[in-house]
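Please read all numbers here as calculations on a predicted model, not as lab measurements. Reckoned from all heavy atoms, side chains included, excluding hydrogens, waters and symmetry mates.
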Amino acid sequence: EYVEYEMKRGDMESAERLFKRCLMEVRHVGLWKAYLAFFKQTQEGKADFEARMTEAYEFALEHMGLDVHSTAIWTGYIGFLKKKPAATTYEQSQRMDAVRKVYKRAVVTPVVGVELIWKDCDSYENSPNRMTAKKILGERSAAYMAARGALQSRTSLPDKVDVNLLAHPPTGHARERRQVLGWK
């Protein structure tokens, strides 16, 4: 929230310092989404914006793509790639391949909302050619189902455990006992 406050104030230098200090230390999807918004805000309009924004999304996914709540990063990247300008047939083909590659990774990642990513992928693949879509989706279907199963396993733990609770020496408090029972 602090970094977003600095961005709203227009103090991009302070925001950049905060990102440099915290981004690799704090594994929180909200911070990484703010980083991507910061990157877009500070880089948009520059000559190599599309390539640099693609690198920023890849960087974010490299570090947070497996987080169960990273759906917004995945969908943001896909949306960015879909909107990329393509004047020629070759550029359109390149854009479609780039979107497909990200969908291929996203639909096999156990994140909240993987079903929505799958539906979006299905719609995207079916728009140009239904026969090609059937083949591509058929190849990915088993891995997608495995990701859905893994998501159910991953989300059952946080229902029992407060994953945001900081570690500290035990005091015997009832909340700590519930936490220990949740881990068992």
Got a sec, which residues hit ring-ring contact (aromatic ring centres under 6.0 Å, His included) with Tyr2, two or more places apart in sequence or on another chain?
-> none

Those residues at least two apart in sequence (or on a different chain) that pass salt bridge (Lys or Arg N to Asp or Glu O under 4.0 Å) with Lys8 are none

Under the side-chain contact (heavy atoms from CB on, under 4.5 Å) test, which residues partner [X], sequence neighbours left out?
| X | answer |
| --- | --- |
| Lys119 | none |
| Ser14 | Glu6, Asp11, Arg17 |
| Ala86 | Glu91, Gln92, Arg95 |

Starting from the C-alpha separation in whole Å, work towards a yes-or-no answer on side-chain contact (heavy atoms from CB on, under 4.5 Å) for Leu81 and Lys101.
-> CA-CA 11 Å; Leu81 291 173; Lys101 285 178 184 176; over 6 Å; no

May I have all residue pairs that pass ring-ring contact (aromatic ring centres under 6.0 Å, His included) and include part of residues 90-109, sequence neighbours excluded?
->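 Every pair satisfying ring-ring contact (aromatic ring centres under 6.0 Å, His included) with a residue in residues 90-109: Tyr103-Tyr124.
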
Pairs satisfying salt bridge (charged side-chain N to carboxylate O under 4.0 Å, His left out), at least one member in residues 25-39, at least two apart = none

Residue pairs meeting salt bridge (charged side-chain N to carboxylate O under 4.0 Å, His left out), one or both in residues 120-149, sequence neighbours left out, come to Lys82-Asp120, Arg100-Glu125, Glu115-Arg148, Glu125-Arg140, Lys135-Glu139

Table please: side-chain donor-acceptor pairs of residues 69-80 below 3.5 Å, with sequence neighbours left out.
from  : atom 1 : to     : atom 2 : distance (Å)
Ser70 : OG     : Met64  : O      : 3.4
Ser70 : OG     : Gly65  : O      : 3.0
Ser70 : OG     : Asp67  : O      : 2.8
Ser70 : OG     : Trp74  : NE1    : 3.4
Thr71 : OG1    : Val112 : O      : 2.1
Trp74 : NE1    : Gly65  : O      : 3.0
Thr75 : OG1    : Thr71  : O      : 3.1
Thr75 : OG1    : Ala72  : O      : 3.3
Tyr77 : OH     : Glu58  : OE2    : 2.8

Answer yes or no: does atom CZ of Arg21 have more than 12 heavy-atom neighbours from other residues, nucleotides or ligands under 6.0 Å?
-> no

Count the heavy atoms belonging to other residues, nucleotides or ligands that lie under 6.0 Å from CE of Met131, then report whether that count exceeds 12.
-> no

Might you work through the side-chain contact (heavy atoms from CB on, under 4.5 Å) test for Leu31 and Cys22, ending with a clear yes or no?
-> CA-CA 9 Å; Leu31 181 64; Cys22 300; 4.3 Å; yes

Full working for side-chain contact (heavy atoms from CB on, under 4.5 Å) between Thr54 and Lys84 = CA-CA 10 Å; Thr54 298; Lys84 220 173 173 180; 3.9 Å; yes

4.5 Å side-chain heavy-atom contact, Thr109 and Val114 =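 No - every pair of side-chain heavy atoms lies 4.5 Å or more apart.
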
Exercise: identify the closest heavy-atom pair between Ala60 and Leu36 = CB-CD1, 4.0 Å

Looking only at non-hydrogen atoms, find the nearest pair between Val108 and Ala143 and report the distance.
-> CG1-CB, 3.2 Å

Once the angle between the rings of Trp32 and Phe59 is folded into 0 to 90°, is it parallel (under 30°), tilted (30 to 60°) or perpendicular (over 60°)?
-> tilted

Please list, one pair per line, the donor and acceptor atoms closer than 3.5 Å that link side chains of residues 38-51 to other protein atoms, with sequence neighbours excluded.
from  : atom 1 : to    : atom 2 : distance (Å)
Thr42 : OG1    : Phe38 : O      : 3.0
Thr42 : OG1    : Phe39 : O      : 3.3
Gln43 : OE1    : Arg52 : NH1    : 2.8

Among all residues two or more places apart in sequence or in another chain, which pass the side chain to side chain donor-acceptor pair (under 3.5 Å) test with Thr171?
->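 With neighbours one apart ignored, the set is Glu176.
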
